[in-house]
Amino acid sequence: MNETIDDLLPGLIALRRDLHAHPELAYEERRTSGIVAAALREAGLEVHEGLAGTGVVGVLRRGRATRMVGLRADMDALPMREQAERPHVSRHPGVHHGCGHDGHTAMLLGAAQHLARAGGFDGSIAFIFQPAEEGRGGAREMVKQRLFDRFPCDAVYALHNWPDLPAGTVATRPGPLMAAADRFDIVVRGRGGHAAQPDRTPDVVLAASELVAQLHTIVSRRIPPMQSAVLSVTRISGGQSHNVLPAAVELTGTVRSFDTAVQDTIEQAMRDIAAGVARASGAAIEVEYTRYYPATINHAEHAQLALDAARNAGLEAQLAASPAFTSEDFAFMLQQRPGAYLWLGQRSDAHAASLHHPSYDFNDDVLAFGVRWFVAMAGLALHDSSDTPRQP
Ligand SMILES: [Zn+2]
Ligand SMILES: [Zn+2]
């Protein structure tokens with residue numbers, strides 16, 4: 001089996017570097033999804049295009065079983081400038097495959113090509129290539145467009161390359177693996193006026209400052225110590241002059257957590273604090289709180305299967321000690337179907353950069369590991385039982 005996967009590698013490396021050189025932003029992955037659809041068709045799969053715009057699903061059927069497993073990759077790049085010298089550096093200024101989705105796409109395609117040739121499973125596999133993982137909810141959009149009605153997967157699996165783990169190692173855990181991501185946008189409004197007459201208008205700069213300080217007490221004072229959450233204020237803007245009190249100041253930030261009850265507590269605390277500061281300062285304060293990605297929660301049994309598949313694929317499989325505070329829109333698929341998400345180690349001396357770093361590049365040495373894991377995952381989920389006696 002490994003021999004034939006190895007045969008695919010030169011083509012997969014070339015493909016991965018070609019995708020890296022031609023990165024596309026969320027919902028604009030037209031070139032990428034065209035390449036994916038053509039390669040799936042050439043491998044003999046049934047191909048469905050246009051889900052959530054640029055999403056592609058390839059279906060492979062073998063044997064007689066009616067069960068179906070979903071394997072998912074993301075295709076989009078980030079709106080950031082790549083800072084590195086390499087032959088396959090981004091040709092699109094300001095767009096960079098800084099999260100390795102070029103590698104994810106190449107690995108899932110390689111698994112489809114291999115499984116189409118080698119079979120070894122009984123049932124159907126839906127190879128799901130989604131757009132817009134980076135903050136734009138491509139998975140949510142595919143689910144909304146009835147992904148799992150059209151492709152009734154019994155379980156879904158996905159992986160992400162993981163620079164914190166060495167190449168050849170994978171990790172996951174039952175329960176939460178990635179955080180829920182919320183954003184807040186707060187506007188503090190007064191009337192504005194002369195800086196020498198602060199008694200005539202609510203001081204929105206001072207009110208915003210109090211708000212920043214008090215928001216940072218939410219996690220430490222309202223969340224039980226054994227639970228975890230992060231709240232960061234990431235932008236504050238208002239005012240243009242040294243002698244004018246502005247009429248409004250805006251604040252933006254993010255909240256990460258693993259549990260809906262914690263999210264509820266934080267949102268409520270934020271609204272309470274805003275109301276208190278508004279009352280004390282005389283400013284009007286509007287809070288917009290948006291929950292955009294839920295936590296990625298692995299189903300226990302499927303997390304175990306994902307680790308078993310990794311061992312079957314010759315990888316070192318670890319139980320992740322704790323979840324990560326980054327987030328992932330595969331969470332929307334896991335809300336609909338049981339399954340698991342896996343971290344695929346990618347670190348080497350030449351590949352030490354973190355995800356979303358301007359010099360990040362996917363490590364081509366792990367292409368084979370990812371393909372083997374997807375293949376082993378399909379094998380475990382749809383093991384061929386034709387050689388065991390059937391029940392009468
Ligand atoms: Zn990312
Ligand atoms: Zn990513």
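Note that ligands are numbered from 1 as they come in the structure, with each ligand's atoms numbered from 1 the same way. All values reported here derive from a predicted model rather than from experimental measurement.
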Return the orientation label for the H104 and F362 ring planes: parallel under 30°, perpendicular over 60°, tilted otherwise. perpendicular
Here the N/O/S atom of H356 closest to the Zn ion (ligand 1) would be NE2
Please check if the distance between the ring centroids of H48 and F151 is under 6.0 Å. yes
E328 and R72 ion-paired at < 4.0 Å: yes
side-chain contact (heavy atoms from CB on, under 4.5 Å) with P246: which of T201, D203, V205, V188? V205
Listed as residue and atom, the protein N/O/S atoms under 2.8 Å from the Zn ion (ligand 2) are C99 SG, H101 NE2, H160 NE2
If you take all heavy atoms of A132 and Y293, which pair is closest and at what distance? O-OH, 4.0 Å
Can you check whether H356 and H96 have ring centres sitting under 6.0 Å from each other? no
